[in-house]
There are 2 protein chains.
Amino acid sequence: MPVRKGSTIDPERTRTGIIEAATPLLYERGLDGIGVAELCARLGASKETVYRYFGSKEGLIQAVLEARSKRVTSWIAGAVAAAGDDPRDQLTAVFDELQRWYDDPGFRGCAMQNAAAQHHVEAVREITSRHLDRRLDLLTAIARRAGAADPDTLGRQLLLLVEGATLVAAHHDRNAGKHAKQAALALLPTVSTSTGTV
Amino acid sequence: MPVRKGSTIDPERTRTGIIEAATPLLYERGLDGIGVAELCARLGASKETVYRYFGSKEGLIQAVLEARSKRVTSWIAGAVAAAGDDPRDQLTAVFDELQRWYDDPGFRGCAMQNAAAQHHVEAVREITSRHLDRRLDLLTAIARRAGAADPDTLGRQLLLLVEGATLVAAHHDRNAGKHAKQAALALLPTVSTSTGTV
DNA sequence: GATAGATAGAACTGATCGGTACGAACTCAG
DNA sequence: CTGAGTTCGTACCGATCAGTTCTATCTATC
């Protein structure tokens with residue numbers, strides 16, 4: 001329950017509290033799978049409050065997706081940072097983290113992928129696209145550190161494996177992260193010329 | 001307009017006509033993005049007819065997805081068959097076909113992927129899973145013909161590239177098919193031992 | 001040409017949806 | 001203590017939805 005009755009001490013706290021509480025509900029049920037009334041009831045907030053902060057259900061959805069994108073991005077970036085300097089270790093860390101996510105019983109695919117597939121709204125498409133931009137940047141940086149001849153292309157190939165693994169894990173094979181990891185490592189240059197360490 | 005007024009000569013014709021007419025509408029607007037009333041109006045069929053043949057909107061959706069899965073599967077299988085015996089040519093044909101699809105202005109992602117992401121219904125999940133089963137079989141066969149040491153694993157890796165390319169093409173980069181093709185060819189054994197041609 | 005089955009089209013139902021309005025309860029500043 | 005602002009809870013509104021029913025009309029068959 002993110003909010004109390006009466007005047008709010010910290011409006012920003014209220015806002016983020018609503019977002020955090022709404023995130024799992026929209027993820028589990030789907031963006032159109034839960035109505036504003038039930039959403040607010042489970043949030044412990046009133047419709048009036050939600051509409052004051054976000055203007056519409058669409059506004060709440062976009063705020064939730066933005067927050068989710070940032071969290072996921074920093075989660076992956078953190079795994080890379082914790083893996084040391086070897087790009088092979090970094091890539092291994094990424095796919096191991098993903099596989100741990102797929103193993104979670106609550107895993108229902110990537111919220112960003114699901115939203116883009118079900119929600120035909122330009123703003124949501126932009127959020128998803130920016131999300132993939134950030135992910136591509138991270139993977140391209142690893143490709144560059146690995147000394148790839150064409151880091152941009154390798155980065156895009158790695159992006160296909162990450163997104164493909166998440167989708168296949170959701171709909172077909174929970175072990176997709178392991179296969180993606182093998183493929184990703186196989187795509188890296190076999191001998192690290194390490195000309196692109198910076 | 002799949003149906004005329006009056007008694008029908010061929011009920012199966014009516015059924016497939018409804019499915020074919022409904023397919024692009026559900027694809028463009030999303031499964032929940034168009035109501036049964038508008039759907040029937042655009043189909044030129046009455047609600048009574050649709051409900052007689054399919055029982056519910058859900059039944060129509062499942063019939064549309066089944067038909068779509070079969071069409072797409074035979075489309076890809078046809079491209080492989082037309083590419084000759086070299087597994088590298090076959091894989092190239094698959095990704096070239098996919099890229100041609102992504103280049104279509106009407107491309108809005110894979111209907112199967114979209115349905116699975118937006119529709120939290122067990123039956124739809126099963127249709128999608130079987131669809132990916134068939135696709136995995138096809139890719140594993142190519143991997144085997146290519147002489148892969150572990151055709152099952154390579155097949156699954158190729159599946160990640162196919163599905164990842166379709167998703168990324170829909171939401172981020174229309175050229176995903178070209179990058180996927182390069183990655184797929186790089187994953188194939190460099191020297192075709194061709195022990196698995198049969 | 002009479003009959004039976006299938007159809008289009010439109011009216012209708014009950015439920016649910018997003019969004020608004022309002023009163024009562026609450027907090028904080030003065 | 002008072003008043004302004006915030007919140008909850010509920011009631012409400014108009015629109016839309018999936019699904020049903022009815023009638024008039026069409027076609028194939030006998």
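These values consider heavy atoms only, across backbone and side chains, with no hydrogens, waters or symmetry-generated copies. Letters A, B, ... mirror the listed sequences (proteins, then strands); counts begin at 1. This structure is a prediction, so every number in the text was calculated from the model and none was measured.
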**Item:** side-chain contact (heavy atoms from CB on, under 4.5 Å) between D86(B) and T92(B), intermediate numbers included
**Value:** CA-CA 10 Å; D86(B) 184 351; T92(B) 298; over 6 Å; no
**Request:** Check whether any side-chain N or O of Q90(B) sits under 3.5 Å from a backbone N or O of G84(B) as a donor-acceptor pair, and report yes or no.
**Result:**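 Side chain of Q90(B) to backbone of G84(B): a pair is present.
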**Item:** Contacts of Y102(B) that satisfy ring pair (Phe, Tyr, Trp, His ring centres under 6.0 Å) - sequence neighbours left out
**Value:** F107(B)
Rounded off to whole Å, could you give me the [atom1]-to-[atom2] distance for the [X] and [N] pair?
{"X": "R52(B)", "N": "dA8(C)", "atom1": "CZ", "atom2": "C1'", "result": "11 Å"}
{"X": "Q62(A)", "N": "dG18(C)", "atom1": "CD", "atom2": "P", "result": "15 Å"}
{"X": "L39(A)", "N": "dT16(C)", "atom1": "CG", "atom2": "C1'", "result": "15 Å"}

**Prompt:** Taking only N and O in the side chain of T49(A), is any of them less than 4.0 Å away from OP1 or OP2 of dC8(D)?
**Reply:**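 Result: yes.
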**Prompt:** dT7(D) phosphate, OP1 or OP2: any side-chain N/O from Y53(A) under 4.0 angstrom?
**Reply:**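 Affirmative; the distance criterion is met.
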**R174(A), CZ: over 12 other non-hydrogen atoms inside 6.0 angstrom** = yes
**Asked** Is there a side-chain contact (heavy atoms from CB on, under 4.5 Å) between L65(B) and M112(B) once you walk through the steps?
**Response** CA-CA 7 Å; L65(B) 290 177; M112(B) 236 51 65; 4.1 Å; yes
**Asked** Are T140(A) and L159(A) close enough that some pair of their side-chain heavy atoms sits under 4.5 Å apart?
**Response**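 Side chain of T140(A) against side chain of L159(A), heavy atoms only: no contact under 4.5 Å found.
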What nitrogen or oxygen pairs link the protein and nucleotides 16-20 of chain D at under 3.5 Å?
{"from": "dA18(D)", "atom 1": "OP1", "to": "K57(B)", "atom 2": "NZ", "distance (Å)": "2.5"}
{"from": "dA18(D)", "atom 1": "OP2", "to": "V36(B)", "atom 2": "N", "distance (Å)": "2.7"}
{"from": "dG19(D)", "atom 1": "OP2", "to": "Y51(B)", "atom 2": "OH", "distance (Å)": "3.0"}
{"from": "dG19(D)", "atom 1": "OP2", "to": "K57(B)", "atom 2": "N", "distance (Å)": "2.8"}
{"from": "dG19(D)", "atom 1": "N7", "to": "K47(B)", "atom 2": "NZ", "distance (Å)": "2.5"}
{"from": "dG19(D)", "atom 1": "O6", "to": "K47(B)", "atom 2": "NZ", "distance (Å)": "2.5"}

